[in-house]
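Worksheet for the structure shown next.
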Number of protein chains: 2
Amino acid sequence: MARKAQPAGGYATGKDVAQRAGVSTITVSRVFNPAWEGKIRPETVERVRQVAQELNYRPNGVARSLVNRRTNIIAVVIGQSAGFFYSEILTDLVRRIQKSGRQALVFSLDLYDNVARILEQVAQHRVDAVVVTSSALRTDVMRPLEDMGMPVILFKRSAEQTNISGIWCDERQGALLAADCLLRTGCRQIGIVAHPHGGTGRAQAFAEELARQNITPVQTVWGDYSYESGQQAARKLLTDHQLDAIFCEEDTMAMACLDVARQEFGLRVPDDLAIIGFDNNTAAALPAYNITTVAHPIVDMLDALMEAIEQVTCDPHTPVRRQFEMSLLERSTTK
Amino acid sequence: MARKAQPAGGYATGKDVAQRAGVSTITVSRVFNPAWEGKIRPETVERVRQVAQELNYRPNGVARSLVNRRTNIIAVVIGQSAGFFYSEILTDLVRRIQKSGRQALVFSLDLYDNVARILEQVAQHRVDAVVVTSSALRTDVMRPLEDMGMPVILFKRSAEQTNISGIWCDERQGALLAADCLLRTGCRQIGIVAHPHGGTGRAQAFAEELARQNITPVQTVWGDYSYESGQQAARKLLTDHQLDAIFCEEDTMAMACLDVARQEFGLRVPDDLAIIGFDNNTAAALPAYNITTVAHPIVDMLDALMEAIEQVTCDPHTPVRRQFEMSLLERSTTK
DNA sequence: GTGAAAGCGCTAACAT
DNA sequence: ATGTTAGCGCTTTCAC
């Protein structure tokens with residue numbers, strides 16, 4: 001095979017192909033550009049393709065991006081408290097992006113301190129848009145990107161306080177659904193597991209709704225969306241009080257509560273204790289958990305996101321903003 | 001703020017900064033190049049940085065890549081039967097890549113037919129290396145990349161039949177561990193859930209080890225690594241036969257077996273039925289499942305992968321190949 | 001310490 | 001239907 005036909009060190013270029021095929025570089029360019037389909041003499045196309053194959057030539061996407069001022073790359077920034085939820089969303093999102101003819105450059109934030117550096121990398125890459133799913137990220141951190149004029153789309157995190165593009169849910173409304181469910185089924189001694197600066201306002205909205213019905217949450221304890229923090233939260237709540245319900249700001253913590261309640265406190269769920277989570281993780285839907293939870297209409301949201309990407313890559317200066325409603329999935333941890 | 005100082009439509013360039021700072025473009029380039037740190041008069045640096053900030057200037061990574069012949073991007077190709085396993089690996093991997101100063105361009109394969117097209121995109125992007133974790137991908141599909149001279153590293157999938165770079169496990173040895181465990185604890189009526197063309201040889205090695213001890217598996221049924229396929233497999237096995245153990249080629253299916261055995265057949269695990277999985281999913285480790293499983297030394301493997309990336313980006317023509325041993329995590333689904 | 005010229009690989013605009 | 005010219009934004013010589 002003609003494996004070694006390229007110039008040492010690098011890849012074959014359009015010029016290499018052009019010379020060997022006896023045409024100009026622009027002709028090679030056109031052969032590999034769908035827009036010129038059919039506007040080049042078939043035998044020329046044939047010859048160019050032939051030589052290209054011999055040389056293992058592929059158009060250099062980097063050079064193309066430079067000229068076209070479009071990379072066809074979407075940056076996807078995911079948060080550190082990924083848990084089960086974001087990693088699922090991630091693969092879905094990547095597939096959608098791929099299907100739209102683009103590619104996903106994925107960034108994962110684990111610590112606060114390097115966020116600026118990472119966003120700096122995003123900025124330098126001249127991606128066509130940035131999708132941010134990390135709810136732990138304060139919006140002002142994204143200012144450098146916005147100031148550059150790089151389109152930012154917040155996904156599945158509140159964008160209410162800003163005028164950036166965003167696809168999010170009315171999480172207060174979701175929290176109301178949870179509160180209603182518990183109150184409706186007779187729960188009165190209610191504990192809450194919340195993130196100290198989750199910024200989602202889920203627990204707050206939940207507590208407010210209880211208050212409207214003259215119920216005060218027995219206790220609120222903190223968790224960081226990890227399974228372990230959920231365990232500790234549950235131990236604390238169930239040791240200190242005689243509860244009949246726990247509301248968790250996130251499913252992974254709800255799963256931990258369920259395990260602790262059953263295995264460590266011998267409670268029957270939902271008879272002795274009801275548990276409601278938030279987010280509809282894949283894992284929470286497993287039969288051994290089957291957690292009642294407040295769910296995002298994730299498919300619709302992804303549809304909206306892809307539309308937003310399409311829009312925003314055409315006109316970066318008009319933000320696309322859509323809010324969705326949440327729904328309650330009543331499974332087996334509530335009556 | 002000087003938000004609108006850029007030329008219409010695009011981003012500020014080094015030239016823009018140079019003009020406004022009264023220097024040449026090359027000086028701007030140097031100010032933003034770490035290698036020139038300290039070799040430029042501090043007041044020049046100061047002035048350039050000042051103007052750059054006013055203009056929201058960032059060096060154009062695309063242009064840099066074109067000149068440097070390095071994108072600092074690693075392509076990561078993940079398979080369709082992602083389940084819980086790959087999505088976790090993915091976020092870990094992305095973080096590692098990030099920490100090494102590179103970025104991850106993620107591709108997800110869902111259907112067989114567009115694989116070639118997707119790999120074509122990978123090829124055009126001039127990524128510094130390609131990491132392939134999809135075990136459903138036949139190695140010959142990667143030939144175009146290799147022929148181009150683009151470094152491919154197989155990760156967590158057998159690379160034994162090839163001479164491509166790879167980081168993988170001795171899955172036969174892993175399967176032996178599972179077989180030993182079941183036989184040692186007195187299991188004799190053993191069912192198997194395998195992937196018809198998983199190509200991992202896990203079930204085969206498992207069966208061979210049983211044979212060495214004069215045991216024949218009662219039945220082998222097929223699953224595609226999904227939870228649902230695991231359910232069906234379990235129903236079939238447990239309806240047809242009186243088993244005392246099931247070996248699953250993958251954890252998600254083992255979880256399904258556990259649920260079906262407990263909830264639909266009223267079996268006690270591990271007393272009535274032992275279950276062993278493979279891969280050590282995060283979900284399989286949850287207390288409500290706590291599946292005994294054959295695990296990859298995933299941290300070591302990621303370390304090795306990052307080393308391999310480092311190597312291969314320097315010298316693309318010397319493959320880096322390492323095989324690891326697997327270990328048995330005895331949890332609560334075996335005696 | 002800084003600059004001028006050339007070129008990375010490609011394509012838009014204008015020829016022919 | 002194909003070629004020429006110029007330039008995308010940056011960096012690498014080689015000068016000064």
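Below, chain A is the first sequence line, B the second, and so on; all start at residue 1. Values below: all heavy atoms of this structure, side chains included; hydrogens, waters and symmetry mates excluded.
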- Between atom CD1 in Ile26(A) and atom P in dG7(D), what is the gap in whole Å? 16 Å
- Please determine, for the side chain of Ser24(A), which listed nucleotide (dC10(D), dG1(C), dG3(D)) has the closest atom? dG3(D)
- Please walk me through it: do Arg126(A) and Thr71(A) pass side chain to side chain donor-acceptor pair (under 3.5 Å)? CA-CA 7 Å; Arg126(A) 298 298 192 264; Thr71(A) 52; over 6 Å; no
- Indicate whether OP1 or OP2 belonging to dG3(D) is found under 4.0 Å from a side-chain N or O atom of Thr27(A). yes
- Nearest-Å distance, CZ (Arg69(B)) to P (dG7(C))? 13 Å
- Query: Does OP1 or OP2 of dT2(D) have a side-chain N or O of Thr44(A) closer than 4.0 Å?
  - Reply: yes
- Query: Quick one: which of Leu119(A), Ile118(A), Thr133(A), Val132(A) gives a side-chain contact (heavy atoms from CB on, under 4.5 Å) with Leu109(A)?
  - Reply: Ile118(A)
- Hey, does the side chain of Arg64(A) come within less than 4.0 Å of dC8(D)'s phosphate (OP1/OP2), counting only N and O? no
- Query: Between dG1(C) and Arg30(B), is there an OP1 or OP2 to side-chain N/O distance shorter than 4.0 Å?
  - Reply: no
- So, for Leu302(A) and Leu93(A), which heavy atoms are closest and what is the spacing to 0.1 Å? CD2-CD1, 3.9 Å
- Query: Of the candidate nucleotides dC8(D), dG3(D), dT12(D), which contains the atom at the shortest distance from the side chain of Asn68(B)?
  - Reply: dT12(D)
- Verify the contact: side-chain N or O of Tyr57(A) to OP1 or OP2 of dC10(C), cut-off strictly under 4.0 Å; return yes or no. yes
- Which nucleotide in the set dC8(D), dT2(C), dG7(C) lies at the smallest distance from any side-chain heavy atom of Leu66(A)? dC8(D)
